[in-house]
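Notes to accompany the following structure.
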Amino acid sequence: MKAVVIGPGRIGCGFAGELLHSSGYDLTFVARKPEVVRHLNRVGRYRVKLTSTTEQREQVIGPVRALWTQDTSAVSGAIAEANVIATAVGPQNLALVAPILAAGLERRRSPANVLAFENLINAGSWLRRLVRNAVHGANMAEDHGFSGALVKRAVTQKRGSIASDEPLEFIGDTPSSFVVDATSLKKPFPKIKGMVTTKHFTAWALGKLYVFSAGHATAAYLGSLKGYHYIHSAVRDPEIRAAVLAAMREGQRGLEAKFGWETCNGDKELEEIMARFENALLSDPIQRVGRDPRRKLGPKERLVGAARLAERAGVVPESLVLATAAALCFCDPEDPSCTELNTLIRNSGAGAVLEKVCGLDQKSELASSVLKSWGQLAPGWQPGNQLVSLERRMWAWG
Amino acid sequence: MKIGMVMLRHPPTRKSPIMPEVVRLLVDWGVTVEVIYPEERVTDLANVKPEHDLYVLKSGSELALSLSAALHATGANILNPYPVAAALRDKVAATRILLAAGVPCPNTYVTSNPKLFATLLDAGPLVVKPYRGSQGRGVHVVWDADELDDITADCGPVFAQRYHKPEGVDRKIYCVGGQLFGVLRAWPAKTYAEKLGEPFTITPELKTVALRCGQALGIELYGLDVIISEGKPYVVDIASFPGFKGVPDAALRIADYIYAALQRVLEGHSAVLPMPKEVAA
């Protein structure tokens with residue numbers, strides 16, 4: 001069996017590649033950078049180190065080979081022969097890989113399934129549309145299955161150098177399952193360890209986004225305000241821990257009202273998530289989790305989307321509101337999304353950001369709550385400053 | 001991931017919960033921490049070599065500093081770096097560095113003969129301190145020349161600063177990884193609650209002063225004593241790795257900083273990040 005993975009990054013190698021290899025697939029990666037291609041072909045393997053608070057395990061993934069995206073003939077040939085195709089390139093790069101995928105799929109004689117390991121709720125349908133556009137609207141895209149793949153694992157680090165002859169090492173936590181949309185894949189479904197199929201993909205996707213991702217984002221944005229470097233430190237802070245748990249509960253209650261039991265596992269789920277956040281062996285930096293705040297503040301995203309759903313269920317999303325206000329303060333000069341957001345706030349005000357970025361009517365109750373919370377934080381917010389007390393909104397200096 | 005924590009064991013009666021908590025957190029986070037009490041063992045100097053990825057120099061004892069000097073010479077990564085910790089132990093060296101960086105300090109004098117300070121008393125009282133002292137021990141305010149007779153130079157140079165009458169309680173400013181925390185504290189603090197003091201928001205002027213100290217010395221983990229007199233701030237003391245009493249979540253913040261420094265070292269970088277340029281004098 002053959003698998004093509006487009007994007008040999010943290011999720012591509014540290015999750016999709018690991019599970020496909022464990023399931024008996026021969027792995028071909030497709031990479032944008034020729035030096036990555038050269039490294040993978042020269043070394044022929046990489047390591048995956050999985051860690052939780054109770055166990056650690058390590059696996060060598062290989063042999064693997066790699067192709068350069070510009071080598072279109074070889075890439076489309078590999079896609080044409082693959083039993084399953086995966087992407088893990090980041091939602092913003094899907095448009096770039098669509099023509100590559102389209103060229104390969106056009107050469108196939110049988111339907112293929114494409115699994116998009118992207119942090120995007122509608123990754124499957126979005127990728128299908130991009131592929132359709134790449135072949136100028138031809139129906140070819142309908143002959144194949146496209147599904148998002150909801151990844152349970154966080155792969156936080158890539159260690160090693162592509163200049164070296166030593167294999168790269170990917171470090172993540174232990175969960176090894178992912179959920180795909182049974183309604184948008186073609187039969188027979190690929191056999192991959194850890195793959196769970198569901199007919200209620202949206203509920204699962206929102207379940208991950210509005211609980212795990214909402215909690216992760218809350219920890220990152222409040223952790224940043226209080227000056228911590230790592231998620232595992234931030235969630236040890238009693239004020240942040242309480243807010244993270246409360247934000248995830250608000251997310252759960254909204255989901256429960258909309259979808260019922262399927263997406264919610266109550267406190268047990270929250271305990272498991274908190275244990276993952278506490279796992280210091282992941283060394284998960286606040287800056288990594290908080291990056292791209294503009295996307296993460298989107299109307300259907302982890303904070304605003306979860307808050308809207310909670311509100312609809314009659315829940316006051318106090319902690320999600322606080323996390324949203326904190327996200328408006330997030331500052332990383334090396335993150336273009338962040339600088340763009342900071343500039344928008346400076347030039348147009350937080351209210352305009354809530355309208356343009358979060359899709360909230362400034363007069364809505366939710367927007368008013370976020371603006372009120374922002375108003376309590378903003379007077380002290382300056383890059384490099386940190387909150388001494390979240391409860392008292394007390395800043396270190398100012 | 002291995003850290004050697006160079007510490008001084010305090011009597012059990014002393015309440016100092018921060019460092020045990022820092023060690024516990026680092027261990028929880030998968031770091032192997034060896035607590036080293038130099039005073040409680042014999043060190044064979046021929047065998048001194050870096051055995052840990054990072055050393056944390058918490059103790060300011062003479063033996064701890066000497067051992068750190070030996071480790072520094074062998075290329076060990078030390079937090080705070082040995083040369084800075086050594087300079088901060090010597091008030092003469094530390095004050096000169098701060099003055100050169102434009103940090104407001106009281107006029108400062110040093111001699112080996114305390115009686116020579118007599119002429120300075122015409123302009124007002126002096127605060128005389130042991131030049132390697134800490135925690136307020138041996139500090140005297142001298143108003144009259146005859147009080148100088150009680151001061152000996154047996155322990156080395158005598159260090160004196162112009163006395164400025166403080167307005168209100170002392171201000172402690174602590175820095176953890178470039179992040180500042182202000183604590184108001186009565187001096188001398190008699191109870192543990194008084195030692196913890198009360199957090200306060202640092203003014204922009206004090207922020208600049210505090211960050212400038214760290215930049216002048218090249219460290220991120222330190223504490224300042226600041227007095228305000230006639231509306232002006234004066235830095236009257238600076239310490240490498242103080243107790244951080246009164247800083248909210250101090251142990252967690254220090255552990256987070258040490259963990260980040262350890263990651264930098266493991267990636268081949270310096271344990272200490274350069275301070276932002278905005279505070280340059």
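So you know, we letter chains A, B, ... as the sequences are listed, proteins then strands, and number each from 1.
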Look at A:Arg236 together with B:Asp28 and state whether they make a salt bridge at an N to O cut-off of under 4.0 Å. yes
Closest non-hydrogen atom pair between B:Leu180 and A:Ala396, with its separation: O-CB, 3.1 Å
Within 6.0 Å of CD in A:Glu169, more than 12 heavy atoms from elsewhere: yes
To check you understand the geometry: which heavy-atom pair defines the closest contact between A:Ala280 and B:Tyr259, and what is its length? O-OH, 2.9 Å
Calculate, to the nearest 0.5 Å, the distance between atoms CG and CZ belonging to A:Asp237 and B:Arg253 respectively. 6.5 Å
Between B:Pro204 and A:Gly398, the two heavy atoms sitting closest are CD-O, 3.5 Å
Straight-line distance of B:Leu262 CG to A:Ser283 OG, nearest 0.5 Å: 8.5 Å
Interatomic distance, A:Leu281 atom CG to B:Met1 atom CE [nearest 0.5 angstrom]: 6.0 Å
Of all the heavy-atom pairs spanning A:Val388 and B:Pro248, show the shortest one and how long it is. CG1-CG, 3.2 Å
Distance-only, no hydrogens or angles: does the B:Asp256 side chain make a donor-acceptor pair with backbone N or O of A:His229 under 3.5 Å? yes
Strictly less than 4.5 Å between heavy atoms, which residues of residues 217-228 of chain A line up against chain B? Please order them by number. A:Lys226, A:Gly227, A:Tyr228
Polar side-chain atom of A:Glu278 near backbone of B:Trp29 as donor-acceptor pair, under 3.5 Å: no
For atom CZ of B:Arg264, decide whether the heavy atoms of other residues, nucleotides or ligands shown that lie under 6.0 angstrom number more than 12. yes
With a sphere of 6.0 Å drawn around CD of A:Glu334, does it hold more than 12 non-hydrogen atoms of other residues, nucleotides or ligands? no
Segment of A:Ile286 engaging chain B (4.5 angstrom heavy-atom cut-off): neither
Hey, does A:Trp397 have a side-chain heavy atom less than 4.5 Å from the side chain of B:Thr203? no
Engaged part of B:Leu25 at the chain A interface, taking heavy atoms whose separation is under 4.5 Å: side chain
